[in-house]
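A short write-up of the structure that comes next.
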Amino acid sequence: MKKNVDLVMFDLDGTLADTGHDLADSVNFTRAHFKLSPLPDTMVYANVGRGVEHLLKHSLPEEGADRFPEVMRVFLAHYETHLLDRTVLYPGVRDVLQYFRGKKRLVVSNKMLRLTLAVVHGLGVADQFDHILGGDCALEKKPHPALLQMALEKFHVAAANALMVGDGDTDIEAGKSAGVITCGVTYGLGNRDDLVAAKPDFMIDELNALENYFC
């Protein structure tokens with residue numbers, strides 16, 4: 001029996017879009033600017049999903065807090081002009097968004113709103129969403145439930161009738177705190193062990209598997 005939902009919230013990085021290469025390229029551009037050696041892409045991916053501040057603080061730990069504004073400036077200047085170099089939608093995204101066309105469909109990301117909008121518009125799927133939330137749209141990012149609670153309140157949907165889909169433990173923890181149904185995707189940038197440990201209500205290996213469980 002499929003579960004009926006009225007609102008579907010998708011994480012962006014590692015869930016809808018494979019943004020990893022472009023993020024890693026911009027991180028390593030920033031490291032090069034500070035005369036630091038590059039990091040393997042997988043090390044960068046480990047810090048994706050908790051917002052740009054977390055990404056940079058953990059990817060450039062050699063630079064102190066006093067230099068962080070410059071680190072942020074260098075990274076953003078590069079990333080904003082290269083965020084679609086190699087970023088692509090994951091398989092099945094367009095089909096799933098079409099499948100849920102009768103529902104409220106949202107992007108709920110920890111990425112800055114302007115960057116989230118740039119990626120979603122650049123990939124040509126902005127018109128498939130009823131609302132887009134970035135990490136700076138609330139006082140707290142995921143795993144805090146604030147962004148999800150904003151979505152529920154905006155569309156007057158009960159938590160039990162909403163779904164959060166994401167590749168990270170942050171997505172699942174935020175969903176559980178908000179009281180919504182949670183679904184972890186295993187193909188993304190997040191750490192699978194952390195995802196499993198967060199105990200999502202469902203786990204899928206490809207996004208179009210959502211059609212097997214929800215309507």
Side-chain angles (χ1 to χ4, degrees), residues 5 7-23 44-55 83 87-94 96-97 100 103-123 125-126 128-138 140-152 159 162-192 194-210 213-214:
V5 291
L7 184 152
V8 186
M9 296 171 283
F10 297 93
D11 175 49
L12 178 62
D13 299 87
T15 301
L16 294 174
D18 184 357
T19 57
H21 295 300
D22 289 333
L23 286 166
V44 177
Y45 299 166
N47 296 312
V48 172
R50 295 178 181 267
V52 66
E53 297 90 349
H54 178 95
L55 173 65
L83 49 71
T87 287
V88 295
L89 292 173
Y90 283 108
V93 168
R94 292 182 188 277
V96 165
L97 293 176
F100 287 115
K103 313 297 181 177
K104 296 300 182 184
R105 299 162 298 177
L106 281 73
V107 175
V108 180
S109 176
N110 276 347
K111 205 181 196 77
M112 288 179 174
L113 179 60
R114 73 175 192 265
L115 301 178
T116 301
L117 290 170
V119 171
V120 173
H121 279 274
L123 293 174
V125 291
Q128 298 294 305
F129 294 101
D130 297 282
H131 198 47
I132 297 173
L133 291 171
D136 47 349
C137 290
E140 299 283 350
K141 298 178 177 65
K142 298 174 291 183
H144 193 281
L147 288 167
L148 283 68
Q149 290 167 340
M150 286 179 64
L152 295 173
L163 170 65
M164 178 70 219
V165 184
D167 69 309
D169 56 329
T170 52
D171 302 306
I172 307 308
E173 289 170 17
K176 286 183 176 295
S177 294
V180 307
I181 305 162
T182 58
C183 182
V185 302
T186 62
Y187 56 76
L189 302 173
N191 180 282
R192 185 188 177 104
D194 292 342
L195 184 66
V196 171
K199 298 182 178 178
D201 298 308
F202 298 86
M203 281 189 66
I204 55 176
D205 297 325
E206 51 187 25
L207 193 63
N208 57 18
L210 285 173
Y213 300 105
F214 303 101

At their closest point, which heavy atom of P200 faces which heavy atom of G184, and how far apart are they? CB-N, 3.7 Å

Quick check: closest heavy atoms across L123 and A17, and the distance to 0.1 Å? CD1-CB, 3.8 Å

Distance-only, no hydrogens or angles: does the D22 side chain make a donor-acceptor pair with backbone N or O of T19 under 3.5 Å? no

Nearest 0.5 Å, what's the OG1-CZ distance between T116 and R114? 10.5 Å

Can you confirm whether L16 sits close enough to L207 that some side-chain heavy atom of one is under 4.5 Å from a side-chain heavy atom of the other? yes

Answer yes when R50 and D169 have at least one side-chain N-carboxylate O distance shorter than 4.0 Å, and no when they do not. yes

Taken to the nearest 0.5 Å, the spacing of M9 CE from F129 CZ works out to 13.0 Å

Using the side chain to side chain contact (heavy atoms under 4.5 Å, CB included) rule, pick out the option among F202, F10, F214 that qualifies with V165. F10

Is there a donor-acceptor pair under 3.5 Å between the side chain of T15 and the backbone N or O of D167? yes

Might you point out which heavy atoms bring L147 and E140 nearest each other, and give the distance in Å? CG-O, 4.1 Å

Can you give me the closest heavy-atom contact between A209 and I204, atom names plus distance? CB-CG2, 3.8 Å

Under 3.5 Å, side chain of K176 to main-chain N/O of K199, donor-acceptor pair present? yes

K142 side chain to V108 main-chain N or O, any donor-acceptor pair under 3.5 Å? yes

Value rounded to 0.5 Å, distance of OG1 in T182 from CE in M164: 9.5 Å

Which pair of heavy atoms, one from A146 and one from A138, lies closest together, and at what distance? CB-CB, 3.9 Å

Point-to-point distance, once rounded to the nearest 0.5 Å, from NZ of K111 to NZ of K141: 12.5 Å

Can you tell me if D18 uses its side chain to pair, donor with acceptor, with the backbone of V88 under 3.5 Å? no

Got V44 and N47 here, is their nearest side-chain heavy-atom distance under 4.5 Å? no

Between the CG atom in N110 and the CG atom in D13, the distance rounded to the nearest 0.5 Å is 9.0 Å

Using only atom types and a distance under 3.5 Å, with no angle test, would you say the side chain of K103 pairs donor to acceptor with the backbone of V5? yes

When D201, L163, L152, V8 are each screened for side chain to side chain contact (heavy atoms under 4.5 Å, CB included) with V180, the one that passes is L152

Rounded to the nearest 0.5 Å, what separation is found between the CG atom of L133 and the CG atom of L12? 12.0 Å

Looking at V107, L7, L106, which one forms a side chain to side chain contact (heavy atoms under 4.5 Å, CB included) with H131? L106

Considering all heavy atoms of both residues, which atom of H21 and which atom of Y45 are nearest to each other, and what is their separation? ND1-OH, 3.3 Å

Around atom OH of Y213, are there more than 12 heavy atoms of other residues, nucleotides or ligands at under 6.0 Å? no

